[in-house]
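Shown next, in structure tokens, is the structure this report addresses.
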Amino acid sequence: MKVFRYLAIILSLSVILLIQACGGGKTDTAGALTLSAATIVDNADGTATVTTTVTFSPPAGKTAQGVVVTLNVSDSLGTLYNVTHTFTSGSNSSVQSFLVATSPATTHPVRIVASIGDMTSSILAVVPIAALPALSAAT
């Protein structure tokens with residue numbers, strides 16, 4: 001009899017853990033995660049601003065509120081950012097901008113990876129050769 005009671009307790013605990021893992025709220029990390037194509041603006045000071053929009057589309061009937069997205073940004077010149085953003089009520093997208101170095105000799109790639117749990121989306125942008133600073137007129 002003790003064996004059956006022990007098995008019933010183990011089975012009950014297993015069911016409770018499975019229910020907890022499924023979640024019960026209105027937020028969900030299933031759905032779609034996308035990054036827009038990056039725009040790059042040369043600041044003419046040895047840096048460029050790289051901007052992208054991260055969008056999370058939750059399943060029907062769910063909301064993005066409270067979902068945390070992590071963005072990892074890296075380039076071939078050693079720039080690295082790890083940024084998190086929490087979606088708020090009524091918002092499922094966020095514009096993110098990053099300052100990266102430019103090179104006077106060559107273009108270089110910038111990789112942006114967004115993730116929510118195991119779900120990821122990534123883009124690759126190419127920073128152009130640095131623009132020369134504007135010359136001031138001699139007086």
Side-chain angles (χ1 to χ4, degrees):
M1 202 60 168
K2 287 183 181 181
V3 172
F4 291 115
R5 181 176 286 158
Y6 178 73
L7 289 175
I9 291 171
I10 295 296
L11 182 61
S12 297
L13 288 174
S14 298
V15 169
I16 290 170
L17 289 174
L18 285 172
I19 291 171
Q20 285 292 87
C22 291
K26 289 268 187 188
T27 58
D28 199 339
T29 55
L33 179 64
T34 57
L35 289 167
S36 68
T39 58
I40 301 171
V41 175
D42 189 336
N43 300 322
D45 63 357
T47 66
T49 302
V50 179
T51 303
T52 186
T53 301
V54 59
T55 303
F56 172 61
S57 301
K62 304 289 184 170
T63 178
Q65 182 174 351
V67 174
V68 177
V69 63
T70 301
L71 288 107
N72 295 313
V73 181
S74 59
D75 70 12
S76 60
L77 300 178
T79 304
L80 179 65
Y81 293 102
N82 290 308
V83 177
T84 59
H85 173 77
T86 303
F87 292 107
T88 58
S89 178
S91 172
N92 69 332
S93 66
S94 173
V95 176
Q96 300 289 321
S97 294
F98 307 94
L99 195 63
V100 298
T102 56
S103 169
T106 184
T107 60
H108 66 280
V110 174
R111 181 171 173 82
I112 303 171
V113 179
S115 61
I116 298 174
D118 292 336
M119 183 176 14
T120 62
S121 179
S122 65
I123 59 171
L124 188 64
V126 177
V127 176
I129 294 174
L132 296 174
L135 299 175
S136 60
T139 55

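For residues 89-124, the pairs satisfying ring-ring contact (aromatic ring centres under 6.0 Å, His included) are Tyr81-Phe98, with sequence neighbours left out. Within the structure, the ring-ring contact (aromatic ring centres under 6.0 Å, His included) test picks out no pair touching residues 109-129 (sequence neighbours left out).
Evaluation of the side chain to side chain donor-acceptor pair (under 3.5 Å) rule for Ser36 yields Thr52 as partners, not counting sequence neighbours. Every residue two or more places apart in sequence or in another chain that forms a side chain to side chain donor-acceptor pair (under 3.5 Å) with Thr47 is listed here: Asn43, Asp45. Under the rule for a side chain to side chain contact (heavy atoms under 4.5 Å, CB included), the partners of Asn82 that lie at least two apart in sequence or sit in another chain are Asn72, Leu80. Legend: residues meeting side chain to side chain contact (heavy atoms under 4.5 Å, CB included) with Ser122, ordered by chain and number and at least two apart, are Arg111, Val113. Every residue meeting the side chain to side chain contact (heavy atoms under 4.5 Å, CB included) condition with Val68, not counting sequence neighbours, appears here in chain and number order: Thr84, Thr86. Ser121 meets the side chain to side chain donor-acceptor pair (under 3.5 Å) test with no other residue; sequence neighbours excluded. The side chain to side chain donor-acceptor pair (under 3.5 Å) test applied to Ser94 returns Gln96, not counting sequence neighbours. With sequence neighbours left out, Thr39 forms a side chain to side chain contact (heavy atoms under 4.5 Å, CB included) with Thr51.
Side-chain N or O atoms of Ser91 include one that pairs as donor or acceptor with a backbone N or O of Ser93 at under 3.5 Å. Looking only at distances, a side-chain donor or acceptor of Asn92 sits under 3.5 Å from a matching main-chain atom of Phe56.
Nearest heavy-atom pair across Ala101 and Val127 is O-CG1, 4.3 Å. Pairing each heavy atom of Ser115 with each of Thr120, the nearest pair is CB-CG2, 3.7 Å. Nearest heavy atom pair, residue Thr102 against residue Ala48, reads CG2-CB, 3.6 Å. In terms of heavy-atom proximity, Val50 sits nearest to Ala38 at CG1-CB, 3.9 Å. Of all heavy-atom pairs between Thr49 and Ser97, the closest is CG2-CB, 4.1 Å.
For the pair Val73/Val110, a side-chain contact is recorded, criterion being any heavy-atom separation below 4.5 Å from C-beta on. Side chains of Val67 and Ile116 form a contact here, defined as non-hydrogen atoms less than 4.5 Å apart.
Leu99 and Val126 fall into different hydrophobic clusters, where Ile, Leu, Val, Met, Phe, Trp and Tyr residues are linked whenever their side-chain heavy atoms come under 4.5 Å apart, directly or through other members. Criterion: ILVMFWY side-chain heavy atoms under 4.5 Å apart, direct or through other members. Under it, Met119 and Ile112 are part of a common hydrophobic cluster.
In this structure, CD1 on Ile129 lies 6.0 Å from OG1 on Thr106, to the nearest 0.5 angstrom. A distance of 5.0 Å separates CG in Leu77 from CG in Asp75, rounded to the nearest 0.5 Å.
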